[in-house]
Amino acid sequence: MHYNNHLNHVLDSTFMEDYMTTKVFGKKIIYYEEVDSTNIIAKNLGKELGHHGVLVLANTQKAGRGRMGREWNSPMNQGIWMSLILKPVIDIRNAPMLTLIAALAVNKGIRKITGLNSSIKWPNDIIINGKKVCGILTEMSTSKEILECIIVGIGINVSNECFEEEIKDKATSLKAEGCKEIDKNQLINEIMLSMEYFYDIFLETQSLKELIEEYNRFLINRNNTVKIIEREETYTGIALGINENGELQVKTQEIIDGERKEVVKEVVAGEVSVRGVYGYI
Ligand code: BTN
């Protein structure tokens, strides 16, 4: 195996494929210097036969996509911008759970490689010292109600030092949180290894039953008050943890038959935001 002495900056796909110790995920890597969005490329590839486990990686994205129609800033050399193609034979309703699986995998990989104390903001942001270091955008493609593929897009801020005005209070990078030079290949490998591990467990039951504990252990704001911002309604409650479907259980109060009663709501990821009562976390 040759040594790439620009590891922190240059991602070389041939080198990386040799480097991967996974069974399937990321064993094939398609690398681009510049793309609009790795999710778009992965989605097109995912419609074809094969390609399960293929990883699309880019050095920069010109139109990186975030959740809820936002943009995702993906500057050259400063992060890991990648999309994993999955073609599982599962019920389409269970597909969104893969986004929580990805959060588990990234969280585990970051903790292992950087030693930083990261946690998960439900459903799938990775947080270090109260700021977001990684976002995950899961998209699926269907044909006649049949699942063609699921794309798990992962954006990790590795060495960004400045962020745009609107996000600078809530965004961070591994470097900004004190991580020294890291080997991006090693981090990618570690994330893919964990992803493969958690994915196999998920497939056995098509649920997060066996992973609730691992997820809740790292869930930020567990047992704290959170604000749930839904399209029509905003309310506060105590975040208890996820259930086996990946929904966030929130203890809150409701007026039922004129009486204030304690209820546990199950919040479904999608067009919902969760905040701490005093701000982003
Ligand atoms: C979020 O809003 O938190 C999700 C951000 C997801 C960004 C990643 S970067 C790689 C992949 N390609 C994209 O266009 N988006 C995802």
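For this chain, numbers begin at 1 and follow the sequence in order. Just so you know, ligand 1 is whichever comes first in the structure, and atom 1 is the first atom listed for that ligand. Below, each value reflects all heavy atoms present in this structure, side chains not excepted, and no hydrogens, waters or symmetry copies. Here the structure is a predicted model, which is why all the values come from computation and not from measurement.
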Protein residue, atom and distance nearest to [atom], heavy-atom basis:
{"atom": "atom 1 (C) of ligand 1", "answer": "R67 N, 3.5 Å"}
{"atom": "atom 5 (C) of ligand 1", "answer": "W72 CE3, 3.4 Å"}
{"atom": "atom 15 (N) of ligand 1", "answer": "R65 O, 2.8 Å"}

Which pairs, with at least one residue in residues 98-119 and sequence neighbours excluded, count as a salt bridge (Lys or Arg N to Asp or Glu O under 4.0 Å)?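 Salt bridge (Lys or Arg N to Asp or Glu O under 4.0 Å) check on residues 98-119 returns K112-E190.
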Show the atoms of ligand 1 that are less than 4.0 angstrom away from any heavy atom in [X].
{"X": "D125", "result": "3 (O)"}
{"X": "G64", "result": "14 (O)"}
{"X": "G66", "result": "1 (C), 2 (O), 4 (C), 5 (C)"}

Is there a polar contact, in the sense of an N or O pair closer than 3.5 Å, between W81 and ligand 1?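 Checking ligand 1 against W81, no N or O pair falls under 3.5 Å apart.
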If you draw a 6.0 Å radius around NZ in K209, do more than 12 non-hydrogen atoms from other residues or ligands fall strictly inside?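 It does not: K209 NZ has 12 such atoms or fewer within range.
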Under 4.0 Å between a side-chain nitrogen and a carboxylate oxygen: does that hold for D200 and K23?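 Salt bridge between D200 and K23, a charged N being under 4.0 Å from a carboxylate O: yes.
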Taking the minimum heavy-atom distance to atom 13 (C) of ligand 1, which of K132, M68, Q61, K62 ranks first? Q61
Which one of I136, T38, T138 has a non-hydrogen atom at the shortest distance from atom 10 (C) of ligand 1?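 It is T38 that holds the nearest heavy atom.
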Could you tell me how the ring of Y199 sits relative to the ring of H52: parallel (under 30°), tilted (30 to 60°) or perpendicular (over 60°)? tilted
Does a donor on one side chain sit under 3.5 Å from an acceptor on the other, for T205 and E210?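 On atom types as modelled, these side chains do not qualify, holding no pair under 3.5 Å.
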With clusters defined by side-chain heavy atoms of hydrophobic residues (ILVMFWY) lying less than 4.5 Å apart, directly or transitively, does I120 cluster with L116?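 Linked, L116 and I120 end up in one cluster.
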Ligand 1 versus S74, non-hydrogen atoms closer than 4.0 Å: side chain, backbone, both, neither?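 No part of S74 comes within reach of ligand 1.
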K265 to Y235, cation-pi by 6.0 Å centre distance and 45° axis angle: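 The answer is yes; both the distance and angle limits are met.
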